[in-house]
Amino acid sequence: MANPNLSPADAAVQEHLDDAASTMPLAPESEVYGEAHSPAGETHAAEPTIGGFADATVIVAVAALVTILGMLWKKVPAAIAGALDKRIAEIRAQLDEAKKLRSEAEALKTEYAAKAAAAESDAAAMRENAHAEAAAIVAKAKEDADALMARRARMAEDKIAAAERAAIAEVRAKAADAAAGAAAAIIAEKHGADADRALIDRTIAGLGRLN
């Protein structure tokens, strides 16, 4: 029956669909969707099969069992266990090597720490010895300088005393020469014994004052 709310085109399409439905018989829903009917009239979903020979779950289970049996026949578990044991042995060897390297590193650290402590102690002893030697050298240099200054002072004093003695001797010699000259002049002028005696006395008295 035509729907008055449809457009002319939709109405024409609906009319063709109605004609096709009336001329072609519909297949039962059980054939379309693969449903099965129980004797009581209940509908159940059909179990999937492979080629119509067996249930798919059974076939998968059989395939898994065959695979497991094949792996056992090929000794795959033993091979896996052997590989795991080998890997465990390698890891254990690596751990032992790491422990050995760590022990060697700790021994080296201890050795170098002891060497550093010994070097520091030696350096401290060397610094102390250097300070003591420097102090001894300074003290010896000061003592030598004082002795040299004292010796030079004594030498200067000796030279001054010798110069003074030489000057005094020279003055005395000149005074004696002058007195002798004067005495000779007086004697030559006066030719008197009394005058000569008085002159000689004055000269001798003058020499005594110089001393």
Side-chain angles (χ1 to χ4, degrees), residues 34 44-177 207-211:
H44 299 284
E47 295 293 338
T49 60
I50 299 176
F53 293 102
D55 193 311
T57 304
V58 175
I59 293 173
V60 171
V62 171
L65 180 61
V66 170
T67 303
I68 293 171
L69 292 175
M71 292 174 65
L72 292 174
W73 183 65
K74 292 291 185 180
K75 299 181 180 179
V76 173
I80 294 173
L84 291 175
D85 292 340
K86 183 179 179 182
R87 182 59 180 163
I88 291 170
E90 290 176 356
I91 293 173
R92 186 177 289 110
Q94 292 176 357
L95 290 175
D96 293 340
E97 183 68 18
K99 288 180 180 178
K100 182 180 179 182
L101 293 175
R102 181 177 180 180
S103 299
E104 292 178 356
E106 289 179 352
L108 287 175
K109 181 180 178 182
T110 303
E111 181 181 355
Y112 280 104
K115 288 183 178 180
E120 186 176 358
S121 178
D122 293 341
M126 291 175 66
R127 284 197 298 271
E128 186 175 356
N129 292 333
H131 289 165
E133 291 179 358
I137 291 172
V138 170
K140 184 67 169 55
K142 184 178 180 181
E143 183 180 355
D144 294 342
D146 292 340
L148 180 61
M149 291 176 64
R151 188 165 58 252
R152 292 290 178 86
R154 285 195 301 272
M155 292 174 63
E157 290 175 356
D158 294 341
K159 287 183 179 179
I160 291 171
E164 288 179 353
R165 287 192 298 271
I168 291 171
E170 185 178 359
V171 170
R172 285 180 178 176
K174 289 183 178 179
D177 292 341
L207 293 174
R209 286 195 299 271
L210 291 173
N211 293 329

Ionic contact status for Lys109 with Glu106, cut-off 4.0 Å: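 Judged by the 4.0 Å cut-off on N to carboxylate O distance, Glu106 and Lys109 do not form a salt bridge.
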Salt bridge flag under 4.0 Å for residues Lys140 and Asp144: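 A salt bridge links Lys140 with Asp144.
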Look up atom [atom1] in [X] and atom [atom2] in [Y], then write down how far apart they are to the nearest 0.5 Å.
X      : Y      : atom1 : atom2 : result
His131 : Glu133 : NE2   : CD    : 11.0 Å
Asp96  : Arg92  : CG    : CZ    : 8.0 Å
Asp122 : Asn129 : CG    : CG    : 10.5 Å
Lys115 : Thr110 : NZ    : OG1   : 12.0 Å

Whether over 12 other heavy atoms sit under 6.0 Å from Glu90 CD: yes
So do the side chains of [X] and [Y] get within less than 4.5 Å of each other, counting heavy atoms only?
X      : Y      : value
Ile160 : Glu157 : no
Arg152 : Leu148 : yes
Leu108 : Glu111 : yes

Short side-chain to backbone donor-acceptor contact, Ser103 and Lys99, under 3.5 Å: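 Yes, Ser103 side chain to Lys99 backbone: donor-acceptor pair under 3.5 Å.
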